[in-house]
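Note: hydrogens, waters and symmetry copies are ignored here, and every other heavy atom, side chains too, is used. The residues of the chain are indexed from 1 along the displayed sequence.
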Amino acid sequence: MIASTIGRTFLKAYNEREGTNFKAKEFFEDVYFDQFFNHPKYFFWPQNSPFVQGITTLNNGTLGLMTVLKDKNGNTKQFTNDEELEDFCLQLQKEPSFGGFKTKTKKQVKIIQKLNAQKRQEILKEFVNKIDEAKSNNNIEASIAIGFPASELKEYATTSGAVTDIDFNIDIEDVYFSWIGGGLGIGIAGGYSIFFDEPEILMKLYDGWETYRAYLNDNTLNRLRGNQINTWNGQWLSYAFNKHFRVDFDFAQLHSSGVFSVNEKVIEVNTIKWSELFFNISNHFPNQTFTGYVYTLGQTNKTLGFYPFHFSEAKTLIKYYRILFGDQAAISEAKDYESLFGIHIKRACELGSIGLQALEPKDLRKYFGNDANLKLIKPSLVIKNGELEEDFQTRKEKAEKKDYDNIITYRTYKTWLLAMINKNKEESLEYTAEVANALHAYRMKATKMDRKNLIQSELLVAKSKKTFLDALTTVIKDVDATSLELFKELRDRVHLMSAEDFGYFVVLLKFDYAYVERNL
């Protein structure tokens, strides 16, 4: 029933902004229905509702009523051969109301008649009557209210969720609020959506409805799928809050930004990663924490629950990236490194909140405790004395894509690990790089493989502080006076680290050591 709450919050904000005084039913009939269902392509496909019962979608997205062809006696029409069937279908295509046909058998067809404006209004009236009837019977359920449990008059279906024996007095307005709210879900990768009960976000989503409707009705985009409003909401909200948003955008701009995928058969809205959406929302709400409701609605409804989204922690990562690699890199590489952040939304919710820990970069976990000799391609970029040897943007243009991707991966991993280590305290951002350089110098003074093996097979793959400190004790025995103080400080720091911070620290040191080995 959270959809009703979202719809109520939205309509209050809408009336305030537009100077109107809509009730939920009025808004549904005058505004919502026209955008969502009063066209050949719908915004979404509400299961079991009068808007879709007995209606089919053709390959081009056009909706129509489907009936089996009958003869004058009411019997299913039979065709004596395939040629007769083909001739009939060719003649039928000349009818203005013809939408298409589907073969039932070789000698039977189902005829699809396009929905006209009058028929769509009849469906709306049928829906309104069904709501009134359900209210009278005290049987408001999923076919007429978004997010409500499926039910029968005597008992709930076994697959129903959100079932309670509490006697709610559900008002008809709540039903219409649920439909309004249902159109404001934010679809994300992983098959889930998010509700934010925040007026500014909800109004921004509403502003995107008109654009989506214009694209669905555009004859030049006749391959564009309908029924993707939640997916569109996610992409639209991310784009609208992006720093590079411009008011004169067009379809080509959105396509180049990854909003749409296009092939010879279909144009569809791509599903956005929650982390990309997270970063872009943080541009507009850099210091806020909003509660999001994570769910999925379909044949089976799933609820993950309510979670705080800490948008300030996205800005923390960008801050560290900027400090480590410069303002220009933080801006020009944003889309590349932001796409690497974020575990699966279901796993993120298991953490209890959506923030820095949930933004753990893709595939980083496989380096915890693994071989320290990382198989990273040698980066083309060299850092000496804290400065870039050459302009990274110039180097990016010359480097092969795989080389560039490895640089971004390294930078992303380092940024997140440092942010995690420093979340409760402030440490030197260059400390692991200093230790990595000292370890490299220690290894270079050996003529055999013993020091290399000690570093890569013991120190940098240590899963506990004790194992790490045991290996470090061996290192300290043979270092010069310059490095001795650094390694003593390392010993003290590791001893005081929590087990969690130690795990992050070793992986960060592993990456910095691999980086030094490939550049010096």
Side-chain angles (χ1 to χ4, degrees), residues 320 324 343 347 350-351 356-376 406 409-520:
Y320 280 122
L324 290 167
I343 58 179
R347 282 191 55 215
E350 290 172 357
L351 297 172
L356 189 57
Q357 190 170 3
L359 289 166
E360 178 182 315
K362 179 182 178 182
D363 295 332
L364 173 62
R365 189 60 54 174
K366 67 184 182 182
Y367 295 107
F368 280 66
N370 284 0
D371 184 4
N373 187 22
L374 299 177
K375 303 301 188 294
L376 292 174
N406 275 278
T409 299
Y410 163 75
R411 291 182 166 188
T412 303
Y413 287 177
K414 178 162 184 171
T415 299
W416 184 82
L417 289 165
L418 275 171
M420 288 299 293
I421 293 170
N422 283 274
K423 62 184 177 182
N424 295 319
K425 54 187 177 300
E426 286 295 328
E427 299 281 0
S428 170
L429 300 184
E430 299 298 330
Y431 181 68
T432 52
E434 293 172 7
V435 174
N437 277 291
L439 287 173
H440 173 77
Y442 166 77
R443 184 192 69 78
M444 290 295 291
K445 292 180 180 179
T447 57
K448 298 180 181 180
M449 298 293 291
D450 56 337
R451 292 188 178 184
K452 180 177 181 179
N453 292 336
L454 175 64
I455 294 171
Q456 295 186 352
S457 301
E458 296 184 42
L459 188 74
L460 297 183
V461 295
K463 295 184 178 181
S464 69
K465 293 193 290 182
K466 182 181 184 305
T467 305
F468 184 91
L469 292 173
D470 286 346
L472 185 61
T473 299
T474 303
V475 172
I476 290 177
K477 290 178 181 178
D478 298 314
V479 297
D480 56 32
T482 304
S483 300
L484 183 59
E485 289 303 317
L486 177 64
F487 286 131
K488 283 184 176 180
E489 181 186 358
L490 173 61
R491 176 198 61 194
D492 295 339
R493 287 195 183 204
V494 169
H495 177 71
L496 295 173
M497 285 180 185
S498 66
E500 180 184 26
D501 283 352
F502 171 73
Y504 298 139
F505 177 83
V506 171
V507 177
L508 178 56
L509 181 58
K510 184 187 302 185
F511 278 105
D512 277 335
Y513 180 77
Y515 190 87
V516 171
E517 286 281 283
R518 284 158 175 75
N519 281 282
L520 295 178

**OP:** Show your reasoning for whether side chain to side chain contact (heavy atoms under 4.5 Å, CB included) applies to Leu364 and Leu417.
**Re:** CA-CA 10 Å; Leu364 173 62; Leu417 289 165; 4.1 Å; yes
Original post:
Do side-chain atoms of Lys465 reach the backbone of Met497 as a donor and acceptor pair under 3.5 angstrom?
Top reply: yes
Original post:
Hey, what do you get for CE (Met444) to CD (Glu517), rounding to the nearest 0.5 Å?
Top reply: 8.0 Å
Subject >> Pair Lys414-Asp512, side chain to side chain contact (heavy atoms under 4.5 Å, CB included): steps then yes or no >> reply: CA-CA 8 Å; Lys414 178 162 184 171; Asp512 277 335; 3.1 Å; yes
Original post:
Would Lys488 and Asp492 pass as an ion pair if we require N to O under 4.0 Å?
Top reply: no
**OP:** Let me see the working for Glu458 and Thr474 under side chain to side chain contact (heavy atoms under 4.5 Å, CB included), right down to the final yes or no.
**Re:** CA-CA 11 Å; Glu458 296 184 42; Thr474 303; 5.9 Å; no
**OP:** Taking all non-hydrogen atoms of both residues into account, name the closest pair between Thr415 and Arg411 and its distance.
**Re:** OG1-O, 2.7 Å
**OP:** Walk me through it: do Phe511 and Tyr367 pass the test ring pair (Phe, Tyr, Trp, His ring centres under 6.0 Å)?
**Re:** CA-CA 9 Å; Phe511 278 105; Tyr367 295 107; 5.0 Å; yes
Original post:
At what distance, to the nearest 0.5 angstrom, does CG of Leu484 lie from CG of Asp478?
Top reply: 11.0 Å
**OP:** Report the residue from Lys362, Arg365, Glu360 that forms a side chain to side chain contact (heavy atoms under 4.5 Å, CB included) with Ile343.
**Re:** Glu360
Original post:
Rounded to the nearest 0.5 Å, how far does CG of Leu459 lie from CG of Leu490?
Top reply: 7.5 Å
Subject >> Inter-residue atom distance Lys423.NZ - Tyr504.OH, 0.5 Å rounding >> reply: 5.5 Å
Original post:
For Ile421 and Tyr431, what are the C-alpha separation, side-chain angles and deciding distance, and is it a side chain to side chain contact (heavy atoms under 4.5 Å, CB included)?
Top reply: CA-CA 12 Å; Ile421 293 170; Tyr431 181 68; over 6 Å; no
Original post:
Which distance, rounded to the nearest 0.5 Å, do you find between the CG of Leu439 and the CZ of Arg451?
Top reply: 11.0 Å
Original post:
How far does CD of Glu434 sit from OG of Ser483, to the nearest 0.5 angstrom?
Top reply: 11.0 Å
